[in-house]
Number of protein chains: 2
Amino acid sequence: MKETITIKTLAKELNISISTVSKALNDSYEISIETKQKVWDLAKMLKYNRNPSASNLRSHKTKTIAVIIPEIANNFFSQAINGIEEVARQRGYHVLIYQTHENTDQEIAFTDSLLSGRVDGILISVSSDHDNRDHFTALVKEIPTVFFDRVYEDIDAARITTDDYESAYNATSYLVECGCKKIAYLFALNNLNAGKQRMSGYQDALKAHQLAYREELTVNYDKDADLNYQNIKDLMLNERPDAVISSIEDLALPCYYVCKELGIHIPDDLKIISFSNLNTAPLLNPSLTTITQPALEMGRQAAAILFKILDKKHFEPNEWLTLKSTLIKRDSTACH
Amino acid sequence: MKETITIKTLAKELNISISTVSKALNDSYEISIETKQKVWDLAKMLKYNRNPSASNLRSHKTKTIAVIIPEIANNFFSQAINGIEEVARQRGYHVLIYQTHENTDQEIAFTDSLLSGRVDGILISVSSDHDNRDHFTALVKEIPTVFFDRVYEDIDAARITTDDYESAYNATSYLVECGCKKIAYLFALNNLNAGKQRMSGYQDALKAHQLAYREELTVNYDKDADLNYQNIKDLMLNERPDAVISSIEDLALPCYYVCKELGIHIPDDLKIISFSNLNTAPLLNPSLTTITQPALEMGRQAAAILFKILDKKHFEPNEWLTLKSTLIKRDSTACH
DNA sequence: CTGTTAGCGCCTTCAT
DNA sequence: ATGAAGGCGCTAACAG
């Protein structure tokens, strides 16, 4: 470690005052272009780097945003972060990552700690383990926050989602058109609006096609993976549906396994459609049709909204954007 | 926004000095337990949050680390970040994410900017587009840095990798044992040690089994996806190998497509093994066997090494850890 | 054990 | 167009 170089160093070297250097570095209009140039040149030569802590302390701007998500190692979220990071980068912002692992207590700890002024804004996709939003009401008043994908509608903040209802509705209709009569539903995220919307879309589509919604055709997600497996197996044994819609990838997988175990052939005996954002679609088992959310785009847009708020420095009537999902049909699930 | 509450507020409220409050909050041994308790209680009641910028400025500790990776939306890296974040969290550290998108210029910009003291340490997996390490020689002297997975061996810093050579060697041997005589290699990351090691493992395994290494059986990765497709297609048409080892997922995919187009059946006509960290293995086409790196564990260990360096506050003889990959054999690729 | 003092590096009036 | 001075909030000697 060598001696650190500060604006003081530059000032001394150029025989000008510290404040002049500071202003020059900030491209202030009160400084002559020649002086600025001299400062910039020397700064570059000496590889000067502004000390962010000192700068933040004075200016109350951190050039940093936080992203709070349930899980990084999830295709949807990692793609969303990709989009967020891309936009943040363009603006010269830094991106902090926090994973809740679907734990509300952890989420509360994060949001509380972010009240310290460590970041200028927050992007968050809420944890699914509780329907608890108390910690957000205070947060959104203190610091610009954008909710994405997993949102609470009754929090007064900007938010961006996908068309959960419509996509589930369309997927269900599609299965009906394929001739399916007994469409099961693997239900997750039931604490969240997204989960509820997907379920409603499924139910309404059934109704629209004169098919009855039956609770026995539904499996509720459980943290216990073994239990999920067993429940799905029971569903298959007791009801033998001819199609399944899964609200998350994590339920489509055990379903796939169950079929393997029971010798149920996909898609001839059973068609599966799952909400999924695997970026390796072509490698997927061709019998799985997916409802794919525009994760990258959502990340970009969410960040864009946040920066819009940050730019205005005051809170706008909060935006609510909805992006469209895509039903990606693999060959072998296509209607015949 | 209400008026911010600082240690000064607490001090005034309790009629003690600012420094006493500061020490109490830092759990200093020089403060009586009663005073500490009073301070803590009030702090909690008033929801006091230490201003990180001020603290950093004074103490030169940011409680923040940076992770620089090529791409977040890549299973290997997102799992690694997962592990890193987990360990950082335990230590109360914050994690900044930077994506290079395989662009060395971007990488240089990041490392330069991190010299400003924004972070206490850096975890990095280097970009593959150039074999350029100049920007690291200065960096590693200034700030604790751990290289993971994609490393430069000649940089004097801690690093952690997987057994690229061995895993490629074993995979190749496995194919030979399955009866394959003409094993092609899809070569990527050729600027990096990892890429070279994998290639060497492949070559040496061929030799060990009295099979000749032939350049015509190799396709070099190109940024142009269409070109990769065409090159692989040419390989298939001209050489008709009976097996392929792909050094990255991104080359296994086009290979898979080519086979589809040419009517080459996998795995009967052609066996494919790819380095891959898809977390959805069971959904994968069952004809793809993978060499899977312990990404999560690597993230954890990399972070652990960094914290070890941070704890000691001086640079140790640099560690070099190697973790083992796993050859995950799908049913249908198994030897018969 | 507690308080006083002096900055960390930078930005920002306010003068000149 | 430039400079002097004060302070952001906190920590770290150093005294008591």
Side-chain angles (χ1 to χ4, degrees), chain A residues 1-40 42-43 46-64 113-120, chain B residues 1-40 42-43 46-64 92 113-120 313:
Chain A
M1 320 270 181
K2 47 188 164 188
E3 92 295 352
T4 105
I5 125 137
T6 74
I7 51 173
K8 205 168 158 186
T9 326
L10 302 184
K12 207 170 286 172
E13 199 75 25
L14 294 171
N15 271 317
I16 55 179
S17 81
I18 290 177
S19 59
T20 304
V21 174
S22 172
K23 285 172 187 166
L25 289 172
N26 288 319
D27 200 8
S28 160
Y29 66 94
E30 349 176 46
I31 303 295
S32 72
I33 183 68
E34 303 90 45
T35 310
K36 282 184 191 172
Q37 201 57 57
K38 277 196 300 186
V39 173
W40 293 338
L42 185 64
L46 265 43
K47 294 194 176 172
Y48 164 77
N49 264 310
R50 186 196 316 251
N51 179 316
S53 302
S55 178
N56 298 346
L57 180 56
R58 262 320 313 248
S59 65
H60 292 291
K61 276 172 199 149
T62 64
K63 282 270 182 185
T64 305
S113 90
L114 289 176
L115 253 13
S116 67
R118 182 178 287 275
V119 299
D120 295 343
Chain B
M1 321 273 181
K2 47 189 163 190
E3 91 296 351
T4 109
I5 124 136
T6 74
I7 51 173
K8 203 167 160 187
T9 326
L10 302 184
K12 206 169 284 171
E13 198 77 24
L14 294 171
N15 270 319
I16 55 179
S17 82
I18 290 179
S19 64
T20 304
V21 174
S22 172
K23 286 173 188 166
L25 289 172
N26 288 318
D27 200 10
S28 161
Y29 66 95
E30 352 175 43
I31 303 294
S32 74
I33 183 68
E34 303 91 46
T35 311
K36 280 183 192 172
Q37 200 58 57
K38 277 195 301 186
V39 173
W40 293 339
L42 186 65
L46 264 43
K47 294 194 177 171
Y48 164 77
N49 264 309
R50 184 199 318 258
N51 179 316
S53 302
S55 178
N56 298 346
L57 179 56
R58 214 36 255 266
S59 64
H60 293 291
K61 277 172 198 150
T62 63
K63 282 268 181 189
T64 304
S113 90
L114 290 175
L115 253 13
S116 67
R118 184 179 287 274
V119 298
D120 295 343
K313 279 164 182 153

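First the proteins, then the strands, lettered A, B, ... as listed; each starts at 1.
Considering only residues two or more places apart in sequence or on other chains, B:S17 meets the side-chain hydrogen bond (donor to acceptor under 3.5 Å, both in side chains) condition with B:S19, B:T20. In this structure, B:S22 has no side-chain hydrogen bond (donor to acceptor under 3.5 Å, both in side chains) partners at least two apart in sequence or on a different chain. With sequence neighbours excluded, the residues satisfying side-chain contact (heavy atoms from CB on, under 4.5 Å) with A:L46 are A:I5, A:L10, A:L42. Residues meeting the side-chain hydrogen bond (donor to acceptor under 3.5 Å, both in side chains) test with A:N49, sequence neighbours left out: none. Every residue two or more places apart in sequence or in another chain was checked for a side-chain hydrogen bond (donor to acceptor under 3.5 Å, both in side chains) with B:R58, and none qualifies.
Among the protein residues, A:N26 comes within range of the sugar-phosphate backbone only, with heavy atoms under 4.0 Å from sugar or phosphate atoms but none that close to a base. Heavy atoms of B:T6 sit under 4.0 angstrom from primed sugar atoms or phosphate atoms, though from no base atom.
Taking atom NZ of residue A:K61 and atom C1' of nucleotide C:dT12, one finds them 12 Å apart after rounding to whole Å. B:H60 places its NE2 atom 11 Å from the P atom of D:dA13, with the value rounded to the nearest Å. Rounded to whole Å, the distance from CG on B:L14 to C1' on C:dG3 is 15 Å.
Evaluation of the salt bridge (Lys or Arg N to Asp or Glu O under 4.0 Å) test over residues 4-16 of chain B, restricted to residues two or more places apart or in two chains, returns none. Pairs passing the salt bridge (Lys or Arg N to Asp or Glu O under 4.0 Å) check and including a residue from residues 25-37 of chain A, sequence neighbours excluded, read A:K23-A:E30, A:D27-A:K36.
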Pairs: protein N or O with nucleotides 2-6 of chain D N or O, under 3.5 Å:
unit_1: D:dT2; atom_1: OP1; unit_2: A:T35; atom_2: OG1; d: 2.8
unit_1: D:dT2; atom_1: OP2; unit_2: A:S32; atom_2: N; d: 3.0
unit_1: D:dT2; atom_1: OP2; unit_2: A:S32; atom_2: OG; d: 3.1
unit_1: D:dT2; atom_1: OP2; unit_2: A:T35; atom_2: OG1; d: 3.1
unit_1: D:dT2; atom_1: O4; unit_2: A:E30; atom_2: OE1; d: 3.4
unit_1: D:dG3; atom_1: OP2; unit_2: A:S17; atom_2: N; d: 2.7
unit_1: D:dG3; atom_1: OP2; unit_2: A:S17; atom_2: OG; d: 3.3
unit_1: D:dG3; atom_1: OP2; unit_2: A:T20; atom_2: OG1; d: 2.7
unit_1: D:dG3; atom_1: N7; unit_2: A:S19; atom_2: OG; d: 3.1
unit_1: D:dG3; atom_1: O6; unit_2: A:K23; atom_2: NZ; d: 2.2
unit_1: D:dA4; atom_1: N6; unit_2: A:S19; atom_2: OG; d: 3.2
unit_1: D:dG6; atom_1: N2; unit_2: A:R58; atom_2: NH1; d: 2.5

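An angle of 30°, rounded to 10°, separates the two end axes of the helix from C:dC1-D:dG16 to C:dT16-D:dA1, each defined over five pairs.
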Could you walk me through whether A:I16 and A:V39 pass the side chain to side chain contact (heavy atoms under 4.5 Å, CB included) check? CA-CA 10 Å; A:I16 55 179; A:V39 173; 3.9 Å; yes

